[in-house]
Amino acid sequence: MGRSKRSERAARRPPRPRLGGALALLGGLVGLILAAVVFAGVPDVLTEAEAYDSAVACPSAGPLPAGDGNEIGYEDCLREVPYTVVEVSGKGARSSGYLVDLANGSERVRVGFDSDPPLGADLRKGDRVTARVWRGEITAVSGRGSTQPTDEDPDTASEWRILLGLALTAGGLFALWYGRRLLRPGRVPAR
């Protein structure tokens, strides 16, 4: 008696996808290592966000003093600086945010906003705005009766870092589970 067609097809079936399982395990480990690196920086980001939230207004609106005792050379207080909008553009096709070029005399800076409301989409060339500056970074822009945090706002940075760490952890755990499933003897995942 010969073999049935079904058993012949089973005998010709390619070996288990061991390479795919190994790559999934490797990808899972890399994802978890990256998540650990991201989470390791969260305390520093949260400390910076706490420092920003507790910052008070600077005593004068003058220029930044040289060597004020801060290791990065900027004030730890909040300054309000007037700017004029030079240009407003979208960040790109896949982003809902805006890039805004601001000028104050000969100084020209570019700030980014993560989303439209309440200010980014409403700004026009020539608008006068007030920028909140902390440690040399513009953290918020006020104009047209509203205030919007920029991409440099420390509170926003901590939220994104935590979300990135959670996404890397979830992806890494899934890749480890799937890689182990591919390498488990006797079971071939359905196609």
Side-chain angles (χ1 to χ4, degrees), residues 31 33-171:
I33 290 169
L34 289 175
V37 169
V38 168
F39 281 132
V42 167
D44 293 336
V45 172
L46 291 176
T47 300
E48 186 171 313
E50 288 173 11
Y52 175 71
D53 291 339
S54 64
V56 296
C58 293
S60 69
L64 291 173
D68 64 349
N70 188 326
E71 67 276 4
I72 57 175
Y74 292 108
E75 299 170 311
D76 275 333
C77 57
L78 299 171
R79 292 188 312 122
E80 301 292 323
V81 181
Y83 281 96
T84 302
V85 175
V86 176
E87 184 179 351
V88 178
S89 59
K91 281 186 176 178
R94 295 181 181 237
S95 177
S96 63
Y98 287 87
L99 294 173
V100 179
D101 290 338
L102 303 173
N104 180 353
S106 63
E107 178 188 15
R108 187 169 172 160
V109 294
R110 174 173 276 188
V111 295
F113 298 102
D114 280 335
S115 60
D116 296 344
L119 185 62
D122 294 333
L123 289 176
R124 302 286 177 258
K125 183 176 181 177
D127 283 352
R128 301 285 297 156
V129 295
T130 302
R132 182 180 306 135
V133 179
W134 181 71
R135 292 186 179 173
E137 299 287 344
I138 295 177
T139 60
V141 175
S142 300
R144 295 186 173 253
S146 61
T147 301
Q148 183 170 357
T150 67
D151 293 345
E152 300 301 324
D153 185 319
D155 293 327
T156 304
S158 62
E159 293 167 3
W160 281 109
R161 189 168 204 128
I162 291 169
L163 287 174
L164 176 62
L166 290 173
L168 286 169
T169 300

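As the structure is a computational prediction, the values presented were derived from the model and not from experiment.
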**Asked** Hey, does the side chain of Thr150 reach the backbone of Ile138 with a donor-acceptor pair shorter than 3.5 angstrom?
**Response** yes
**Request:** Verify, without hydrogens or angle tests, whether Asn104 (side chain) and Pro82 (backbone) share a donor-acceptor contact under 3.5 angstrom.
**Result:** yes
**Prompt:** So do Leu163 and Arg161 actually touch side chain to side chain, heavy atoms under 4.5 Å?
**Reply:** no
**Prompt:** Do Val133 and Arg79 have side chains that get closer than 4.5 Å, going by heavy atoms?
**Reply:** yes
**Request:** Quick one: closest heavy-atom pair of Cys77 and Ala57, and the distance?
**Result:** CB-C, 4.1 Å
**Message:** Nearest 0.5 angstrom please: Leu166 CG to Phe39 CZ, how far?
**Reply:** 4.0 Å
**Asked** If you take all heavy atoms of Val88 and Arg124, which pair is closest and at what distance?
**Response** CG2-N, 4.5 Å
**CG-CH2 distance between Asp151 and Trp160, expressed to the nearest 0.5 angstrom** = 10.0 Å
**Message:** Quick check: closest heavy atoms across Gly165 and Ala35, and the distance to 0.1 Å?
**Reply:** O-CB, 3.7 Å
**Request:** Given side-chain contact (heavy atoms from CB on, under 4.5 Å), test Val141 with Val100 step by step and report yes or no.
**Result:** CA-CA 10 Å; Val141 175; Val100 179; over 6 Å; no
**Message:** Are the side chains of Arg108 and Leu102 in contact, using a 4.5 Å heavy-atom criterion?
**Reply:** no
**Complete:** On a heavy-atom basis, the closest approach of Gly112 and Leu99 is CA-CD2, 3.9 Å
**Asked** Atom CZ of Arg110 and atom CG of Asp101: how far apart are they, to the nearest 0.5 Å?
**Response** 4.0 Å
**Shortest non-hydrogen contact from Trp134 toward Pro154** = CZ3-CG, 3.6 Å
**Request:** Could you pull out all residues at least two apart from Arg132 that satisfy side-chain contact (heavy atoms from CB on, under 4.5 Å)?
**Result:** Tyr52, Leu78, Glu80, Thr139, Ala140, Thr147
**For Asp127, side chain to side chain donor-acceptor pair (under 3.5 Å) partners two or more places apart** = Arg144
